Amino acid sequence: MDASNARHRAFAWLALFLGCLLLAGCATLPRNPVPADQVAWAAVPGMPDVRGWAGRPNRDMELDFERSIRDERPDDFPVGGDGRIHYPHLALSGGGANGAFGAGFLNGWTATGTRPTFKIVTGVSTGALMAPYAFLGPDYDAALRRFYTTTSDADVFSAGNPLMALLRRESLANTAPLEALVARAIDAPLLRKIAAEHRAGRRLYMGTADLDSRHFVVWNMGLIATRGSPEALALFRRVMLASASIPIAFPPVLIEVEAHGKRYDEMHVDGFVAANIFLHAGIIDPQQIYNRVSRAPATYDTYLIHNGQLAAASDPAERSLRGIAFRTIEVAGRAGMIGDLFREYAYARRDRARFAWVTIDSTLDLPEATSFNPVQMKVLYDLGYQRARAGPVWLSRPPGMTPGDDP
């Protein structure tokens with residue numbers, strides 16, 4: 001065979017190979033989605049009351065929250081000097097590896113001796129990963145610190161080469177390491193502790209985005225924990241994994257549901273797609289329920305920890321699929337966070353409740369949120385710790401409303 005024929009054959013094989021890759025990239029993976037006309041009836045088998053859709057009052061969730069007030073320990077939420085109960089609500093935002101800031105902030109808050117027992121804890125994305133520890137309180141500060149100062153990229157995802165990304169067809173990376181990490185962190189004993197706190201009148205919620213229904217879904221994680229079954233443990237872990245599954249970068253998580261006696265799957269991804277931070281998403285109205293059921297006049301204090309920045313220095317975006325996708329997600333996330341802050345502020349103003357939030361100083365050069373570098377995360381952890389240890393000092397209005405409150 002002469003050199004010319006060899007080159008032609010090589011080019012033919014290369015063209016065939018690239019064609020296969022193109023077909024692989026365009027093909028869809030098999031799944032069993034809920035038919036569009038049955039989405040409203042889809043529920044988790046055996047646990048139909050553990051979630052609700054944002055913006056739609058949910059009777060099961062309302063009754064569950066009423067029950068939480070009747071079940072609560074009075075010492076957790078005492079009547080204050082003004083004759084009212086002040087219920088602390090904590091919301092933890094997304095932010096990937098930048099969750100190290102929130103972890104440090106929570107631990108620094110503990111060190112001041114002023115960190116309260118939270119009535120409600122919510123989490124989205126990296127906030128969902130830290131929420132169980134925040135919910136269980138200072139006894140889990142060491143675990144929170146360890147998670148956000150020692151975790152590396154290899155503990156969260158495996159990217160492989162571009163060819164592997166094409167063959168996966170649904171993400172740039174594989175999150176099997178994160179799934180294993182969540183399984184180690186959330187075991188049966190920890191689930192029992194979360195269930196005990198739920199029975200004592202406290203609530204833990206997480207958010208995911210259901211790509212099929214296009215809804216932000218709020219999960220009652222404490223109620224899931226009370227079921228105490230292997231299925232409940234598996235669901236708890238999958239919701240956490242889904243809430244932290246950044247679309248495009250990480251694969252979506254399929255959650256099994258049932259509608260009219262048949263089993264299907266829903267495709268869930270990182271909750272930040274719909275809300276970067278939330279407290280109840282309109283599923284319940286805590287103040288109205290406090291007014292009806294609380295043993296004394298009651299209000300709430302809203303605390304929001306933003307694991308990111310609302311402004312950052314300009315720098316050239318990488319001209320690549322990965323670079324464009326990640327920068328788009330970053331910009332959209334910042335814009336969404338501003339809207340989320342105004343929403344929670346509006347609720348607090350309506351209810352005459354306290355509104356307090358904290359964010360990472362915009363002058364700091366933040367690493368990419370998907371870069372789990374223990375050295376950089378330790379810097380952020382220490383920053384959050386010192387911010388809380390010094391006060392903590394909270395912002396009281398959304399950005400732009402008062403010059404002195406701008407981050």
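As the structure is a computational prediction, the values presented were derived from the model and not from experiment. Only heavy atoms go into these numbers, but all of them, side chains included; no hydrogens, no water, no symmetry mates.
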- Query: Step by step, would you call His260 with Trp41 a ring pair (Phe, Tyr, Trp, His ring centres under 6.0 Å)?
  - Reply: CA-CA 7 Å; His260 299 306; Trp41 287 273; 5.4 Å; yes
Across all chains, not counting sequence neighbours, the ring-ring contact (aromatic ring centres under 6.0 Å, His included) partners of Phe135 are none
Compile the donor-acceptor pairs under 3.5 Å between side chains in residues 117-132 and protein atoms, sequence neighbours left out, one pair per line.
{"from": "Lys119", "atom 1": "NZ", "to": "Ser68", "atom 2": "O", "distance (Å)": "3.2"}
{"from": "Lys119", "atom 1": "NZ", "to": "Ser68", "atom 2": "OG", "distance (Å)": "3.1"}
{"from": "Lys119", "atom 1": "NZ", "to": "Glu72", "atom 2": "OE1", "distance (Å)": "2.8"}
{"from": "Lys119", "atom 1": "NZ", "to": "Gly201", "atom 2": "O", "distance (Å)": "2.6"}
{"from": "Thr122", "atom 1": "OG1", "to": "Phe278", "atom 2": "O", "distance (Å)": "2.4"}
{"from": "Ser125", "atom 1": "OG", "to": "Asp270", "atom 2": "OD1", "distance (Å)": "3.3"}
{"from": "Ser125", "atom 1": "OG", "to": "Asp270", "atom 2": "OD2", "distance (Å)": "2.7"}
{"from": "Thr126", "atom 1": "OG1", "to": "Gly96", "atom 2": "O", "distance (Å)": "3.0"}
{"from": "Thr126", "atom 1": "OG1", "to": "Tyr148", "atom 2": "OH", "distance (Å)": "2.7"}

- Task: Look at Arg292 together with Glu62 and state whether they make a salt bridge at an N to O cut-off of under 4.0 Å.
- Result: no
In short, salt bridge (Lys or Arg N to Asp or Glu O under 4.0 Å) pairs touching residues 121-150 with sequence neighbours left out are Arg115-Asp141
### Query
Could Arg203 and Asp64 be called an ion pair, given the rule that one side-chain N must be under 4.0 Å from one carboxylate O?
yes
Taken in chain and number order and not counting sequence neighbours, the residues that satisfy side chain to side chain contact (heavy atoms under 4.5 Å, CB included) with Asp71 are Arg67
Residues passing the side chain to side chain contact (heavy atoms under 4.5 Å, CB included) test with Asn373, sequence neighbours excluded, are Ser371, Val375, Gln376
For this session: Could you check Phe236 against Leu204 for side chain to side chain contact (heavy atoms under 4.5 Å, CB included), going step by step and ending with a plain yes or no?
Result: CA-CA 11 Å; Phe236 196 105; Leu204 173 63; 4.1 Å; yes
Sorted by chain and residue number, the side chain to side chain donor-acceptor pair (under 3.5 Å) partners of Glu344 (sequence neighbours excluded) come out as none
By side chain to side chain donor-acceptor pair (under 3.5 Å), Asn291 pairs with (sequence neighbours left out) Gln287
For Lys378, the salt bridge (Lys or Arg N to Asp or Glu O under 4.0 Å) test, sequence neighbours excluded, returns Asp382
- Query: Do Ser152 and Asp155 get their side chains close enough for a donor-acceptor pair, meaning under 3.5 Å?
  - Reply: yes
Residues passing the side chain to side chain contact (heavy atoms under 4.5 Å, CB included) test with Asp82, sequence neighbours excluded, are Arg84, His86
So that I can tick it off, tell me whether Arg350 and Asp285 are bridged by a salt bridge, with the cut-off set at under 4.0 angstrom between side-chain N and carboxylate O.
yes
* Salt bridge between Asp212 and Arg31, side-chain N to carboxylate O under 4.0 Å? -> yes
Residues passing the salt bridge (Lys or Arg N to Asp or Glu O under 4.0 Å) test with Glu256, sequence neighbours excluded, are Arg263
The ring-ring contact (aromatic ring centres under 6.0 Å, His included) partners of Phe65 (sequence neighbours excluded) come to Tyr290
ring-ring contact (aromatic ring centres under 6.0 Å, His included) filter on His268, not counting sequence neighbours, yields Trp219
- Item | Trace of the ring pair (Phe, Tyr, Trp, His ring centres under 6.0 Å) decision for Tyr303 with Trp394 | CA-CA 9 Å; Tyr303 298 104; Trp394 299 92; 5.0 Å; yes
